[in-house]
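To start, the structure itself, in structure tokens.
Note: hydrogens, waters and symmetry copies are ignored here, and every other heavy atom, side chains too, is used. Residue numbers begin at 1 in each chain, while the letters A, B, ... track the order of the sequences.
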2 protein chains.
Amino acid sequence: MTKINLKILAHELGVSVSTVSKALQDSYEISQETKDKVRSLARKLNFQPNPYASSLRRHQTRTIAVIVPEIANNFFALAINGIESIAQEKGYHVLIYLTHDSYEKEKSICEHLQSGRIDGVLMSVTTETQEYEHIAKLMDKGILLVFFDRVRHEIETAKVTTDDFVSGLSATEHLIQNGAKRIAYLSLSPNLSIDYKRKAGYLEGLHKYNISQAPELIVECTNNDEEAYQRIKALLTSPHRPDGVFASVEKLATIAYAVCQELSLQIPQDVKLICFSNLKIAALLSPSLSTITQPAFEIGKEAASILFQHLDRKRASIPNENIVLKSILVPRASSQGETLMI
Amino acid sequence: MTKINLKILAHELGVSVSTVSKALQDSYEISQETKDKVRSLARKLNFQPNPYASSLRRHQTRTIAVIVPEIANNFFALAINGIESIAQEKGYHVLIYLTHDSYEKEKSICEHLQSGRIDGVLMSVTTETQEYEHIAKLMDKGILLVFFDRVRHEIETAKVTTDDFVSGLSATEHLIQNGAKRIAYLSLSPNLSIDYKRKAGYLEGLHKYNISQAPELIVECTNNDEEAYQRIKALLTSPHRPDGVFASVEKLATIAYAVCQELSLQIPQDVKLICFSNLKIAALLSPSLSTITQPAFEIGKEAASILFQHLDRKRASIPNENIVLKSILVPRASSQGETLMI
DNA sequence: CTGTTAGCGCGTTCAA
DNA sequence: TTGAACGCGCTAACAG
């Protein structure tokens with residue numbers, strides 16, 4: 001167990017600590033010869049300068065935090081993949097924090113993050129998030145923030161999202177064009193940006209086709225899977241069962257699917273189902289399901305790029321901006337086609 | 001943008017810096033009165049001590065790295081979920097690094113991690129990893145390591161895996177009991193622990209039922225999806241097509257499924273398919289698929305627990321140990337049953 | 001019970 | 001072109 005530091009290197013080479021430091025940073029003040037000497041020894045001992053000592057001096061950590069509700073969700077997993085790839089490229093390090101969709105946890109994580117551990121945050125808020133003082137406090141400490149997917153428009157900063165309204169509209173039209181007349185919307189939480197935008201698209205879709213919206217067809221599902229299951233079951237056993245279901249998020253589609261199986265409802269004969277999903281396997285395994293796929297990887301990359309750009313330029317804050325990427329509707333029919341590979 | 005530190009707090013309260021430091025750490029040396037004063041001001045200014053300064057002094061970072069091949073894979077996502085939950089509980093921070101199954105990247109990440117940024121590593125190696133000097137170097141710097149899932153037995157430390165041999169055997173028996181006679185094994189890489197153990201289980205299963213193993217039925221698929229697709233297609237269009245396929249990992253099952261669709265092969269009538277998969281949605285959406293589910297979340301939790309335990313006790317190394325958790329075989333028939341919820 | 005001092009490892013003056 | 005000295009913010013040893 002050999003701990004190396006500048007001092008040891010300096011001693012070994014018979015030069016001063018600051019010379020070694022400068023040499024490793026390729027400073028113009030140091031002769032080529034000395035640089036070579038220093039570097040070859042550093043490589044030989046595989047020395048890496050202590051990043052925390054360096055952070056302390058430089059007042060920057062080259063570390064960001066990613067705060068998401070969950071990770072076993074292909075959208076977030078893919079987004080993190082995008083984030084990590086840009087981070088690796090730009091020499092940043094990525095800390096992961098999961099809120100499990102709890103506001104309390106989100107708050108507590110943000111509070112811990114005021115310590116100077118990170119330069120910036122990429123965040124997708126919880127469905128419970130109503131206030132955002134915890135986020136304001138973070139920004140007050142000079143920590144840059146970029147939202148992605150589940151954003152809060154009340155906070156001034158960059159936000160990377162998908163065209164939720166448009167795709168909500170497309171999804172609804174898709175169901176209508178496939179013959180659905182009574183279309184239900186499964187909502188996760190009305191105070192979630194992605195949810196109310198998709199719902200607005202849904203409403204617009206109905207309106208466009210002169211279909212009146214029956215209030216009982218909008219089902220508020222909570223984060224509680226059991227409860228969601230019961231509510232969807234109630235919906236699908238009601239006298240006027242819908243013939244189309246639009247699940248606003250992947251999890252609700254899964255639950256709706258399970259309910260259909262329990263009730264022996266055929267998809268898409270009895271009920272047509274469309275959902276937001278980034279599981280290629282879902283489209284693949286189930287020819288009965290239409291899906292809307294978000295460019296999750298690109299969202300992650302885009303959000304990270306914006307953050308790193310502003311960090312590298314040492315900006316004090318990120319101007320308000322909405323970056324909207326397009327999702328892709330994968331209709332049932334072509335689900336078996338070319339979009340196969342993961 | 002208000003940057004607070006101990007000095008400011010001390011000045012504000014008219015006490016010394018070390019008093020504040022001790023008070024915040026609830027040291028027995030400090031009077032209750034002073035503690036209260038200090039803490040109330042700290043809370044008011046929402047002050048968090050700089051963790052990097054503290055790391056520098058204490059020689060411990062309370063930060064670990066998780067190195068995995070990919071994240072958009074439900075097994076790893078769930079494992080990270082487990083890791084993060086324990087980390088949050090124990091007050092550790094989690095850095096994420098993805099290798100994309102490239103040995104070069106794994107090596108480079110390990111080298112960067114020698115800097116003292118972390119106290120420990122949780123790791124799942126790439127299929128390409130043949131040497132492990134990069135890992136040895138890490139450990140030489142006093143960084144503790146626990147492997148999970150994709151392990152290297154050559155390295156002495158704790159390893160958390162599933163009963164790959166047993167479940168490989170069960171999977172094969174399952175196919176045989178469902179009438180398959182010519183069973184193919186889709187392999188990812190023979191130098192991957194999970195793979196060769198599962199394959200050993202497969203061979204044992206054939207042996208047990210006196211089925212001779214035809215070499216052409218073991219298909220080495222690489223990480224290249226296109227190539228895997230072609231090889232599986234070749235397998236399924238060969239004159240003596242197998243009537244059972246055992247996919248050693250989820251991705252290969254997806255590809256195999258896609259090939260079946262292209263060739264219009266019915267599952268399970270033409271070909272029975274079983275695979276390792278942690279996507280509940282796979283079992284849910286496809287009544288034709290049997291799956292073996294690993295306790296991914298628990299694996300993550302277990303690996304993290306072991307690591308934190310040893311870190312907290314300031315052990316210099318972790319003794320060799322194999323922790324083996326049980327996977328669950330979810331047969332096709334019950335795929336529609338109770339195991340519905342995500 | 002509180003304060004003074006030293007130093008973790010590094011980068012950055014400034015002087016030589 | 002190099003080196004000595006200082007301090008980032010914090011904790012630990014020691015003194016009072």
If you walk 5' to 3' along DNA chain D, what is the first nucleotide with an atom under 4.0 Å of a heavy atom in chain A, and what is the last?
D/dT1 to D/dG9
Name all residues meeting the side-chain contact (heavy atoms from CB on, under 4.5 Å) criterion together with [X]; count only those two or more places apart in sequence or in a different chain, and write none if there are none.
| X | result |
| --- | --- |
| B/Q88 | A/K105, A/I109, B/E84 |
| A/S317 | none |
| A/S115 | A/R117, B/Q48, B/P51 |

For A/T34, answer base if it contacts any base atom (sugar-phosphate contacts may also be present), sugar-phosphate if it contacts only those atoms, and nothing otherwise; contact means non-hydrogen atoms under 4.0 Å.
sugar-phosphate
Roughly what angle, to 10°, lies between the helix axis at the start of the helix from C/dC1-D/dG16 to C/dA16-D/dT1 and the one at its end, five pairs per end?
40°
Under 4.0 Å protein heavy-atom contacts per nucleotide of nucleotides 4-10 of chain C, with B for base, S for backbone only and - for none:
B-BBBBB
Which pairs pass ring-ring contact (aromatic ring centres under 6.0 Å, His included) with one or both residues in residues 38-87 of chain A, sequence neighbours excluded?
A/Y52-B/Y52
Any ring-ring contact (aromatic ring centres under 6.0 Å, His included) pairs touching residues 123-142 of chain A, not counting sequence neighbours?
A/Y103-A/H134
Output all residues satisfying side-chain hydrogen bond (donor to acceptor under 3.5 Å, both in side chains) with A/E154, sequence neighbours left out; order by chain, then residue number.
A/R152
Could you work out, with side-chain hydrogen bond (donor to acceptor under 3.5 Å, both in side chains) as the rule, every residue matching A/Q25, not counting sequence neighbours?
A/S21, A/R58
Between C/dC1 atom P and B/L13 atom CG, what is the distance in whole Å?
18 Å
What I want to find out is whether B/D26 reaches B/R39 closely enough, with some N-O distance under 4.0 Å, to be called a salt bridge.
yes
Quick one: salt bridge (Lys or Arg N to Asp or Glu O under 4.0 Å) partners of A/D312, sequence neighbours excluded?
A/R62
Using salt bridge (Lys or Arg N to Asp or Glu O under 4.0 Å) as the criterion, list what pairs up with A/R57, not counting sequence neighbours.
none
